Amino acid sequence: MARTKEVKKAGRAPGPAAQAPKRKREEPAAKAPASAGKAKGATAPASKKQQLGGGRKPAGFTDHNAKWLKPKKQQQPVEEPSSEEEEEDQEELSVEEFSGEELSGEEFSEDELGMMDDDFGSDGQSGSEGDQDGSDEEGSSSEEEEDEEEPPAATNGKRTKAAAAGPAGGKKQQQQQQELWSDDDEEGEEERGFGGSSDEEISGSSDEEGDGFGSEGEEGEGGSEEEEEEEEELEVERRARALDRAAARRRAEAEAETRDMAAGEDGMETNIQDFEVVTLPSGQQIEAEMLAPFDLALVQKRIKGIVRTLENFKQLREGGRSRAEYLEQLKRDLATYYGYNQFMVDALLAMFSVGEALELIEAQEVPRPVTLRTNTLKTRRRELAGALINRGVNLDPIGNWSKVGLVVYESQVPVGATPEYMAGHYMLQGASSFLPVMALAPQEGEQVVDMAAAPGGKTTYVAALMRNSGMVFANEINKERLKSLTANLQRMGVTNTVVCNYDGRELPRVLGERSVDRVLLDTPCSGTGVISKDPSVKSSKNQEEIWKCAHLQKQLLLAAIDLVDAGSATGGYVVYSTCSMMVEENENVVNYALRKRDVKVVPCGLEFGRPGFIRFRDFRFHPSLAESRRFYPHAHNLDGFFVCKLKKLSNKKKEVKDEDEEEEGEGADEAGKGKARSGMKAAAAGKQQRGGQQAAAGGSSDEEGGSESEEEAAPAASPALRGKLHPKKHQQEAAQQAKQQQAAGKERGIVKKARQELMEELAAKKAAAAAAAAQQQEQGQPKKQQPKQQQQAAKPGKAAAAAAGGGGKKQQQQQKQQQKKKVQKKK
Ligand SMILES: C[S@@+](CC[C@H](N)C(=O)[O-])C[C@H]1O[C@@H](n2cnc3c(N)ncnc32)[C@H](O)[C@@H]1O
């Protein structure tokens with residue numbers, strides 16, 4: 001892989017590569033072997049420098065506005081270079097000035113960077129809503145239209161070279177800058193808010209629920225002290241091993257880089273290397289390698305060699321070696337070199353070509369850029385940018401796709417503790433978390449639910465887009481996490497939000513079915529898209545856990561749909577998002593909802609991202625799933641993310657047996673393991689489009705929601721097979737289901753009883769009133785007695801009913817008997 005490409009990957013702005021303005025020339029870091037060696041491309045370990053916006057000023061950002069974006073202090077000494085070389089020198093110098101060494105731990109503590117983690121997955125602007133149903137359009141705000149702005153450099157009282165270049169020299173550049181800084185959307189829409197979430201949050205919270213999302217730390221609970229110590233030791237050992245591996249990897253990369261440099265001026269590998277045949281180790285050699293300390297330089301070289309070979313198999317294969325043999329060795333090497341478990345390596349190689357899988361894995365080794373979202377309830381982006389630039393923050397607009405996002409390259413102050421941060425002018429959050437809120441596009445005055453809300457990155461964005469109007473229910477199951485949620489709501493000046501603490505699955509009962517206009521379900525998930533933030537995911541996930549996530553996600557998604565009113569005048573939408581790349585947790589969950597409820601997938605309105613899968617392994621999904629969007633670190637410089645928008649067509653629920661959907665999941669599960677393919681052939685696979693795993697290849701969307709036959713075209717295994725394949729899992733699930741049913745039954749019982757009592761009370765009142773009336777008529781009793789009788793009859797409950805109803809009958813009987821006696825006497 002060419003080094004220049006790697007450099008771009010490491011620092012590129014989040015979002016569509018094509019949209020970002022091109023840099024004038026190559027990154028200085030790419031030309032400086034010393035610094036490049038430390039932070040080579042995507043595989044470099046995270047340095048402070050990289051944590052801040054990927055280390056170098058990334059390609060894809062406005063190189064030409066780099067000078068005015070620099071902190072005031074840095075701008076002063078910059079003189080107009082007389083030639084391009086001088087200018088280049090100048091740039092290299094300024095990059096050095098902002099190198100990682102400058103950013104001491106005090107300036108940018110782990111905690112502060114951790115705040116960023118908390119905001120995983122925040123929000124974006126509604127402006128990009130592209131829903132074809134037409135109900136989502138937002139009116140543009142005049143305020144924001146006015147915001148067609150000069151870049152914040154003006155706040156420094158300096159004119160930059162680009163800004164000062166005038167019509168001849170800098171018109172194009174100015175235009176590019178203005179496009180980036182403009183709050184005007186092409187569609188005339190505006191942006192206002194944001195949101196976020198983190199991995200830690202995800203696993204932590206689900207633990208509480210016993211959903212099986214427990215963090216590793218908690219798994220050991222209940223064990224003896226010794227066990228705990230042992231576990232601690234293991235954890236320490238694990239970390240030590242990871243550190244060793246990372247150090248060795250750095251060494252290997254430095255060596256490789258030196259080789260690259262020697263091989264070609266631009267670090268391009270030579271043709272000789274390209275056609276080098278990789279000799280696979282023999283069985284004995286493999287064993288010997290496993291016993292000896294890892295030679296990571298060798299492994300790294302072999303990974304690249306095998307990838308090249310598999311991409312050009314006929315030419316580069318070693319005689320007598322099969323593709324499968326190369327693939328097996330590649331899997332072993334990827335696991336060794338990057339610390340993934342076999343399950344994760346298999347999953348990635350099933351999803352991508354070998355070359356792309358390697359790119360993704362390498363991108364996961366590098367932190368995503370530090371990004372923040374302007375809180376439009378309190379400020380505007382250009383004002384915020386100006387204030388931060390004056391504090392020594394080097395930043396840029398995140399890209400054309402967001403009008404509220406900023407990317408931070410370097411900072412002389414902790415960006416999680418500036419006065420502006422404290423005052424709620426921005427939220428630190430990953431750019432990927434803008435996306436679901438952009439897709440949701442909440443409207444002013446609506447009722448919106450954020451089903452899994454803490455720490456509130458997305459909720460605060462939703463509230464900002466709604467300009468604090470209408471009502472937002474921010475729900476979070478984990479009490480502990482309510483603190484961060486409420487703190488963020490308060491800091492950001494959100495006033496339209498009610499915080500609730502329920503299991504999201506209960507919300508339709510609590511808030512009422514069909515009670516709101518839109519629901520955001522940023523669901524708890526396996527976190528396989530955020531490995532750069534939580535590397536433990538590389539080795540801690542397995543298929544069983546992924547299915548557990550999927551199970552909860554299906555239930556949450558149905559609850560989300562049930563909350564929404566299909567008849568909402570302005571909405572009727574659900575947005576489902578995860579920070580997982582697993583198909584089981586994404587398309588599979590939405591596909592399930594399509595079968596159970598009257599909903600259809602609609603475009604997310606996001607300008608970029610890859611289409612969701614409609615075929616994957618033995619899965620067959622509804623073609624409209626191609627409208628969902630996938631985001632990847634290597635392709636978009638965003639965390640791995642999935643977003644899908646659903647429109648509720650009617651409030652009816654489809655009748656599909658529960659077993660069916662579980663079969664679908666289990667069958668595919670086994671397909672993943674390659675064990676039970678024959679037992680669960682896709683019934684309607686033939687009806688599906690052929691050719692390529694990627695939905696992108698042929699996934700046409702069915703606007704009407706597709707035919708029933710397509711919807712039913714999921715792979716299936718017989719219940720008996722399912723039981724055999726997962727006896728333990730089934731027992732657990734059955735027990736859990738029974739427990740849930742029992743709880744639900746209990747609840748239903750209480751409601752039923754209360755309702756019965758109420759009915760009896762009413763009946764008693766009626767009976768008493770009737771009896772009193774009859775008595776009055778028949779006996780001609782004085783009127784003043786009536787109230788007394790009625791009072792007595794009106795006593796609540798069964799007793800009152802008995803007293804009222806029973807007493808009345810007795811009286812009637814007595815009266816009849818008296819009358820009879822009178823008649824007899826007369827006779
Ligand atoms: C991905 S995080 C949400 C991040 C949040 N949307 C944001 O942008 O800041 C998932 C959240 O779901 C919560 N959660 C887990 N299980 C839940 C359930 N059954 N109902 C509601 N929330 C749940 C977790 O505690 C976690 O806070």
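Nothing here was measured: the structure is a model prediction, and the numbers come from that model. Heads up: numbering here begins at 1 and tracks the sequence. As the structure lists them, so they are numbered: ligands from 1, and atoms in each ligand from 1.
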Q: Quick one: do Tyr576 and Ser628 satisfy side chain to side chain donor-acceptor pair (under 3.5 Å)? Show the steps, please.
A: CA-CA 9 Å; Tyr576 176 80; Ser628 62; over 6 Å; no
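Each of the following atoms of ligand 1 lies closer than 4.0 Å to a heavy atom of Asn475: 21 (C). When each atom of ligand 1 is checked for a heavy atom of Thr523 under 4.0 Å away, the hits are 1 (C). Close contacts between ligand 1 and Met451 involve ligand atoms 21 (C), 22 (N) [criterion: under 4.0 Å to a heavy atom]. Close contacts of ligand 1 with Asp503, meaning ligand atoms under 4.0 Å from a residue heavy atom, involve 18 (C), 19 (N), 20 (N).
When only modelled atom types and interatomic distance are considered, Thr578 and Gln553 share no side-chain donor-acceptor pair under 3.5 Å. Between the side chains of Ser577 and Asp522, at least one donor-acceptor pair of N or O atoms lies under 3.5 Å. For Glu585 and Ser580, the side-chain atoms include at least one donor-acceptor pair closer than 3.5 Å.
Distances between N or O atoms of Asp450 and those of ligand 1 include no value under 3.5 Å. Residue-to-ligand polar distances place Glu476 within reach of ligand 1: an N/O pair is separated by less than 3.5 Å. For ligand 1, none of its N or O atoms has an N or O atom of Leu552 under 3.5 Å away. Inclusion of Pro524 in the set of residues having an N or O under 3.5 Å from an N or O of ligand 1 is not warranted.
Under the 30°/60° scheme for interplanar angles, the aromatic rings of Phe608 and His636 are found to be tilted. In this structure, Phe619 and Phe621 have parallel ring planes: the angle between them is below the 30° cut-off, well short of the 60° mark.
Relative to atom 20 (N) of ligand 1, the option among Pro455, Gly504, Ala559 with the closest non-hydrogen atom is Gly504. Between Ile477, Val462, Asp522, Leu521, it is Ile477 that holds the heavy atom closest to atom 22 (N) of ligand 1.
Taking the ring axis of Phe343 as reference, the NZ or CZ atom of Lys541 does not stay both within 45° of it and closer than 6.0 Å to the ring centre. For Arg381 and Tyr426, the positive end is not near the middle of the six-membered ring at less than 6.0 Å and at most 45° from its axis.
Contacts between Ala453 and ligand 1, counted as non-hydrogen atom pairs separated by less than 4.0 Å, involve the backbone only.
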